[in-house]
Amino acid sequence: MKQRDKTRLVRMGRNHTDAETRAVNPPIVRASTVLYRDTATLKSIRNRREKNERVFTYGARGTPTTFALEDALTEIEQGARTMLFPTGLAAIAHVFLSVLKPGDHCLLSESVYGPARAIAVRFLRPRGIDCEFYAGGHEELAKRLRPETRLVYVEIPGSIIFDLQDLPAIAALLKDRENTLLAVDNTWGAPGLYRPIALGADISIIAITKYIGGHSDLMMGSVTANARAADQLTYDAGLLGQTVSSDDAYQALRGLRTASARIAMHCAHAAEVIRWLEGHPQVERVLYPPLPYHPGHEIWKRDFTGANGLLSVAFKPHIRQDDVDRMVDKLQLFGLGASWGGFESLAMVYPEGGIHGWSGGALVRLHIGLEDPADIIADLEQAFATLPEG
């Protein structure tokens, strides 16, 4: 029987056997040293590992607990293999380090996650890798492709401003380019709201820290790749010693089971808050892909199966970023902090003119949490009262 996504999120990666009794969740296997029955077994497993097969050989190369999480993510992302990393940024960095070498050209969408931009500018460029940022859609990307373009890296939707790239159109541009890989930061669309690999990408990157973790107490990232890209990325991850603890993998698996319910609640709360925001005289517009007036909304309708609680608010032209900063300081229910995807509401501000890909006025990013929407709105209302009138 074909199972729907909500069911699969509950059941995937559990590796149930036919035993008469079993635990609901896979056990936590903590290990550094792994013992072999005899030298023949050791040599056989070593040979399998050299062929990039995933086997339990040493703690740093994974345990049955981390394998269970990898399997779950591979299934939901519809890839061939998943690798785990200690942070989302480490996952991003691994893709760059594994794919690119001096002399290569990398194209990145303008609104990528700020630390990903920093890797490109401050680490890759000084080492002879030409990193170029483009604004706009696939038409602009097409103009900038070169014979030496090895990687196209996009975030969908874009960080902070939530602009949408037409991923199938980008994939079509790269279809006949055997040496160019397409990587997507899929953190906003995880788990299961967006499937970059099914839409033509080679690599999908997730900050598990966010909605999969779900409780602001876990740091982890993942890279899921298709058959074309998986072998090299997996080999290099092992070569560089990338791993996560079994305890953290267990936490991520537990978060995965309730992610669908939590995200639906975040999304419902966000809808109520957005209705209030859209009626506020100081708000220019809300940046959120499900809204009909959001640029790229038709792409969101076509390619996504849902949304979450992360959005940005753009204010009227007379409101400066300093005004927004003072407003945020008045918030009582919202925490002021980086990251998102936990149960709590958060606000984040940015330097005026410091958001790549944004030419509008002052804005604030909000993560709408699981608190009662009436309380969230009441907190915003009292804080917004400090904003200057037009």
Side-chain angles (χ1 to χ4, degrees), residues 13 29-34 45-101 104 106 113 115-116 119-120 123-124 127 129 150-153 179 181-187 190-191 196-197 201-210 212-213 218-253 256:
V29 179
R30 302 184 183 93
S32 57
T33 300
V34 174
I45 290 179
R46 182 181 292 163
N47 183 56
R48 290 162 58 193
R49 189 190 75 209
E50 289 298 318
K51 296 177 180 177
N52 231 8
E53 183 179 342
R54 192 185 67 181
V55 284
F56 185 31
T57 60
Y58 184 59
R61 298 189 182 97
T63 70
T65 314
T66 62
F67 294 164
L69 178 58
E70 289 171 7
D71 288 344
L73 292 168
T74 299
E75 182 175 342
I76 197 66
E77 289 290 284
Q78 298 182 359
R81 188 84 175 258
T82 294
M83 297 130 267
L84 302 175
F85 300 85
T87 65
L89 185 57
I92 293 169
H94 180 72
V95 172
F96 289 144
L97 293 174
S98 179
V99 172
L100 298 168
K101 64 183 185 303
D104 286 343
C106 177
Y113 179 48
I119 293 174
F123 186 88
L124 298 177
R127 288 161 175 82
I129 297 166
R150 182 74 178 94
L151 180 68
V152 173
Y153 179 92
N179 294 321
L181 295 178
L182 174 55
V184 179
D185 184 334
N186 185 35
T187 299
I197 293 175
D202 299 292
I203 301 163
S204 179
I205 304 163
I206 297 171
I208 293 172
T209 305
K210 307 300 195 289
I212 294 176
L218 175 69
M219 300 295 297
M220 193 182 298
S222 67
V223 173
T224 302
N226 62 13
R228 178 188 182 201
D231 281 352
Q232 187 64 51
L233 286 163
T234 303
Y235 179 82
D236 288 344
L239 193 67
L240 296 173
Q242 293 287 8
T243 190
V244 303
S245 78
S246 295
D247 295 81
D248 285 350
Y250 183 90
Q251 287 279 89
L253 280 165
L256 198 62

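What you see is a predicted model; the values in this text were computed from it and never measured.
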Pairwise distance [atom1]([X]) to [atom2]([Y]) - rounded to 0.5 angstrom:
{"X": "L218", "Y": "K210", "atom1": "CG", "atom2": "NZ", "value": "10.5 Å"}
{"X": "K51", "Y": "Y235", "atom1": "NZ", "atom2": "OH", "value": "15.0 Å"}
{"X": "T65", "Y": "Q251", "atom1": "OG1", "atom2": "CD", "value": "12.0 Å"}
{"X": "M220", "Y": "T209", "atom1": "CE", "atom2": "OG1", "value": "8.0 Å"}

Using every non-hydrogen atom in the two residues, find where [X] and [Y] come nearest and quote the distance to one decimal.
{"X": "A93", "Y": "I119", "value": "CB-CD1, 3.8 Å"}
{"X": "A252", "Y": "I208", "value": "CB-CG2, 3.8 Å"}
{"X": "N226", "Y": "A201", "value": "ND2-O, 3.6 Å"}
{"X": "Q78", "Y": "I197", "value": "O-CG2, 3.4 Å"}
{"X": "I76", "Y": "P191", "value": "CG1-C, 4.4 Å"}
{"X": "V29", "Y": "S246", "value": "O-OG, 2.5 Å"}

Close side-chain approach of [X] to [Y], heavy-atom, < 4.5 Å:
{"X": "R127", "Y": "L100", "answer": "no"}
{"X": "D185", "Y": "I92", "answer": "yes"}
{"X": "I129", "Y": "F96", "answer": "no"}
{"X": "D247", "Y": "R30", "answer": "yes"}
{"X": "R81", "Y": "R54", "answer": "yes"}
{"X": "L84", "Y": "L73", "answer": "yes"}
{"X": "V223", "Y": "I203", "answer": "yes"}
{"X": "V34", "Y": "R61", "answer": "no"}

Testing T234, D71, T66, T224 for side-chain hydrogen bond (donor to acceptor under 3.5 Å, both in side chains) with T82, which one passes?
T224
Check against side chain to side chain contact (heavy atoms under 4.5 Å, CB included), D104 and V99
CA-CA 9 Å; D104 286 343; V99 172; over 6 Å; no
Taking [X] for its side chain and [Y] for its backbone only, find out whether a donor-acceptor pair lies under 3.5 Å.
{"X": "N186", "Y": "I206", "result": "no"}
{"X": "R150", "Y": "N179", "result": "yes"}
{"X": "D248", "Y": "S245", "result": "no"}
{"X": "T187", "Y": "A207", "result": "yes"}

For L69, the option from T74, L253, V244 that meets side chain to side chain contact (heavy atoms under 4.5 Å, CB included):
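So the option named by the test is L253.
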In terms of ring plane angle, is the pair F85 and H94 parallel, tilted or perpendicular, where the classes change at 30° and 60°?
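The rings of F85 and H94 sit tilted, inter-plane angle from 30° to 60°.
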